[in-house]
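Encoded as structure tokens, the structure appears first; notes follow it.
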There are 2 protein chains.
Amino acid sequence: MRILFTNATILPCTPDMPVMEGAYLLVEGETILALGTGTPDVTADETLDLGGDILMPGMVNPHCHLAMTLFRGLGEDVDDRLFRYVLPMERKFVSPAMVRVGTALAALESIEAGVTTVADMYYYEAEVGRVLDRAGMRGIVGQTLADFNPPDHASMDEGFALVAALADEFAGHSRITASIAPHAPYSTGVPVMERIARWADDHQDVPVQIHLAEMTSENEWCATHHDMRPVQVVEAAGLLRPGLICAHCLHVTDDDIAAMADARVGVAHNARSNAKAGRGIAPVEAMRAAGIPVGIATDGPMSGNTLDLFAQFGPVSMFAKLLGKSRAPMPARDVIRMATIEGARVLGMDGSIGSLQPGKQADLIRIALDAPRMQPIYDHYATLVFSAMPSDVRDVMVAGRWLMRDRDVLTLERTQVMADAGQIATGFRAEMARIDAA
Amino acid sequence: MRILFTNATILPCTPDMPVMEGAYLLVEGETILALGTGTPDVTADETLDLGGDILMPGMVNPHCHLAMTLFRGLGEDVDDRLFRYVLPMERKFVSPAMVRVGTALAALESIEAGVTTVADMYYYEAEVGRVLDRAGMRGIVGQTLADFNPPDHASMDEGFALVAALADEFAGHSRITASIAPHAPYSTGVPVMERIARWADDHQDVPVQIHLAEMTSENEWCATHHDMRPVQVVEAAGLLRPGLICAHCLHVTDDDIAAMADARVGVAHNARSNAKAGRGIAPVEAMRAAGIPVGIATDGPMSGNTLDLFAQFGPVSMFAKLLGKSRAPMPARDVIRMATIEGARVLGMDGSIGSLQPGKQADLIRIALDAPRMQPIYDHYATLVFSAMPSDVRDVMVAGRWLMRDRDVLTLERTQVMADAGQIATGFRAEMARIDAA
């Protein structure tokens with residue numbers, strides 16, 4: 001099966017970040033066979049004239065907690081909401097069924113926003129992997145291991161058993177990758193991190209994810225308990241290693257950045273989540289200058305509210321310009337680079353996704369340009385970063401399979417997913433009322 | 001003609017910012033006749049069941065340069081773009097026809113985003129007023145007066161003649177209000193500001209707008225030339241007065257804020273525009289604590305890129321939380337308050353618009369809640385601030401007249417407006433290329 005896109009404005013997201021106008025792209029099966037400008041000398045089973053619309057790689061969200069979509073906006077603006085609402089409610093409500101429903105709602109939203117690959121960290125991750133598989137998305141599903149008696153494992157032996165089962169279930173899967181996720185240096189003790197490091201040594205195909213240097217209180221905890229900074233604690237435990245996916249990294253020093261670059265980790269930048277919590281702005285330009293790949297992430301919708309990268313583009317750009325006191329830092333094309341190929345590099349997937357090149361997986365999205373808000377266009381990257389939004393994404397394809405056509409998600413039952421989510425939210429509302437009345 | 005909305009979630013934006021579920025609202029002619037919960041005992045010519053959708057006041061954008069929509073994204077990320085591109089291109093291209101086309105594109109975008117009232121500052125403002133009138137919007141149209149030889153007046157006598165003609169043309173108009181707009185303390189000399197103050201004394205119904213304390217270079221200029229801060233220069237010229245619409249106000253001291261509060265000015269906060277320029281964050285919480293009303297503004301699309309307030313909500317909230325190092329500052333309902341009734345107060349229009357109350361003008365918008373991204377809802381204000389976007393606005397009414405129904409703008413010729421804008425943009429592109437080649 002061959003699909004030919006013609007008359008497209010292709011942003012291949014290759015190193016020079018070119019804009020190819022009047023361009024074509026040919027998909028065969030799961031992969032991209034060819035692309036170029038002018039009239040292609042090829043035959044196809046289906047030809048789609050894009051009328052000048054943008055064709056670009058599906059976006060990569062390198063850090064999220066999909067199932068937490070069910071907590072979206074709960075306890076907004078409340079400083080102690082983690083202990084007041086989140087932890088007690090997670091203990092009470094997190095179950096395989098809740099994770100399944102929350103992930104389905106999240107997948108629906110992600111696909112509608114042109115996000116085709118996610119790295120998730122939560123509980124009952126086999127459910128996450130199954131829903132993402134059914135939705136047709138690409139995902140790294142990370143079983144969280146933590147000391148705070150989390151919902152799905154009472155001991156680390158149980159936690160490791162979950163990881164092993166997850167790795168078994170998705171071994172060899174073309175789109176879903178099992179992952180192991182120590183929660184954070186303050187919540188997953190050094191002995192556990194050391195055990196994870198040994199496990200990861202034996203399972204090189206299982207990526208490791210961690211929350212790192214997210215809060216000043218974390219820095220203080222690490223100083224008190226280990227006389228080290230969070231990055232140093234992770235390094236001492238043997239986890240600061242090539243491919244480690246580090247979420248947040250706000251409170252890092254120049255030495256931390258140098259150590260992270262030496263270790264060849266990747267960073268997931270959660271601009272909106274960090275700012276909404278009043279936690280600060282990650283030194284993204286400094287990390288990238290040191291050679292660390294940085295992707296644009298949403299965090300969980302309890303913290304960042306949405307799962308689209310468009311809502312992150314403004315903050316990512318503005319925060320860099322505010323720190324640099326100039327319009328020049330973080331130009332629009334770098335934002336799009338981070339949302340695609342650089343995010344893929346953070347996940348160790350830049351060999352197969354993140355850019356439109358022959359031989360790569362056909363993970364691509366079409367973005368319409370006909371909204372008044374999108375015109376005129378002097379720089380397609382500026383238009384994407386500052387004008388575009390999820391409603392402009394028209395079509396989404398992963399591995400050559402359509403997940404959305406003309407805004408209609410084909411792989412999930414929208415009505416059922418919304419109804420299931422609504423039912424769970426009703427229970428959450430009652431519990432909130434109970435907590436507030438107590 | 002009576003229109004009854006039923007089964008709505010009404011956010012009236014009255015002082016307590018309530019959420020009225022299962023509510024109704026009755027419009028008669030141009031005004032709101034009644035609203036409440038439960039089943040209304042009224043008759044209407046048309047009854048609309050909103051199915052739980054939000055009904056709220058049309059949003060107020062208290063500072064923009066609508067015609068500059070044609071410059072959207074031009075010279076993005078370029079620090080010297082003002083002198084490199086904008087000023088030479090304005091000199092070359094700004095004309096009544098260009099202002100007409102740019103304003104029409106801007107009005108289309110504004111209506112699609114649920115913005116019903118704007119305060120504009122630019123050139124050939126009679127054209128702006130005429131387009132907004134035709135579009136059915138409400139607007140304050142400010143003729144800019146500046147010393148830098150702007151496109152539409154070679155002398156201040158010519159400038160004042162434009163203002164007088166503008167005031168004459170829109171005298172008594174129910175939706176369009178003429179305004180006089182000294183550009184800024186560094187670009188409109190004190191003698192001119194004094195002349196404007198005298199003129200405004202004799203024309204109390206003509207609001208005055210000014211850019212104020214926007215840049216550190218402005219503070220330096222005022223220190224060098226007047227040994228004062230910008231707010232003090234404006235005060236010395238007699239312009240710091242009740243109802244003065246002050247745009248930006250980033251670089252203000254506690255003394256400036258006290259003087260502004262005493263003078264009873266209003267502030268238009270341009271969070272995104274200011275941050276994109278790397279200029280900093282306005283002390284919004286401090287100004288509001290001093291009793292100064294602060295509205296949420298977009299600035300011109302050359303600086304802020306879009307004319308919807310949704311794109312500003314995140315920055316407005318996040319910046320306050322970053323400054324306060326906590327989740328608590330600028331709660332979501334305050335953001336919506338600023339976007340509606342407080343913005344109306346900045347423009348001196350809170351007696352007639354900005355909230356849904358019997359006797360007020362029927363300026364209202366319907367927001368759909370059925371996108372996966374909008375669910376679940378625990379706090380409607382949080383949903384509006386962090387999840388909603390222009391594509392969720394379904395219907396727009398101003399003074400009882402439909403401007404948009406089911407996403408179809410009824411008052412402007414979309415295809416023609418887009419074609420006209422595209423033609424002008426082609427000329428801009430050629431000029432940019434000429435400048436870059438020179």
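The figures here come from the full heavy-atom set of this structure, side chains too, leaving out hydrogens, waters and symmetry mates. The sequence lines fix the lettering, A, B, ..., with proteins before strands; numbering per chain opens at 1.
Note that CG of A/L70 and OH of B/Y378 are 6.0 Å apart. Values are rounded to the nearest 0.5 Å. Residue B/S387 holds its OG atom at 5.0 Å from CZ of A/R72, rounded to the nearest 0.5 Å. A/L307 CG to B/R373 CZ: the interatomic distance, rounded to the nearest 0.5 Å, is 11.0 Å.
If you measure heavy-atom distances from A/A311 to chain B, you find no contacts under 4.5 Å at all. The contact between A/F319 and chain B is made entirely by side chain atoms (from C-beta outward), counting heavy-atom distances below 4.5 Å. For B/R272, the parts lying under 4.5 angstrom from a heavy atom of chain A are both the backbone and the side chain. Both the backbone and the side chain of B/P390 come within less than 4.5 Å of a heavy atom of chain A. Interface remark: A/M432 contributes side-chain atoms only to the contact with chain B (heavy atom separation under 4.5 Å).
Counting only N and O atoms by type, the side chains of A/S326 and B/D79 include a donor and acceptor under 3.5 Å apart.
Interface summary for chain A: among B/K321, B/E76, B/R279, the most heavy-atom pairs under 4.5 angstrom belong to B/K321. Taking A/P331, A/A277, A/G73 one by one and counting their heavy-atom pairs under 4.5 Å with chain B, the maximum is reached by A/A277. Between chain A and the residues B/I377, B/D379, B/T383, the largest count of heavy-atom pairs under 4.5 Å involves B/I377. With respect to chain A, the highest number of heavy-atom pairs below 4.5 Å among B/Q375, B/M374, B/R327 belongs to B/R327. The greatest number of non-hydrogen atom pairs below 4.5 Å with chain A, out of B/A382, B/A320, B/A275, B/S110, is found for B/A275. The residue among B/D370, B/T216, B/V417, B/I424 with the most heavy atom pairs within less than 4.5 Å of chain A is B/D370.
In this structure, the side chains of B/L105 and A/P376 come closer than 4.5 Å at one or more pairs of heavy atoms.
The minimum heavy-atom distance linking A/E112 with B/P372 is given by the pair OE1-CD, 3.5 Å.
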Going through the checks in order, is the side chain to side chain contact (heavy atoms under 4.5 Å, CB included) test met by B/K276 and A/F386? CA-CA 10 Å; B/K276 278 191 62 203; A/F386 293 111; 3.5 Å; yes
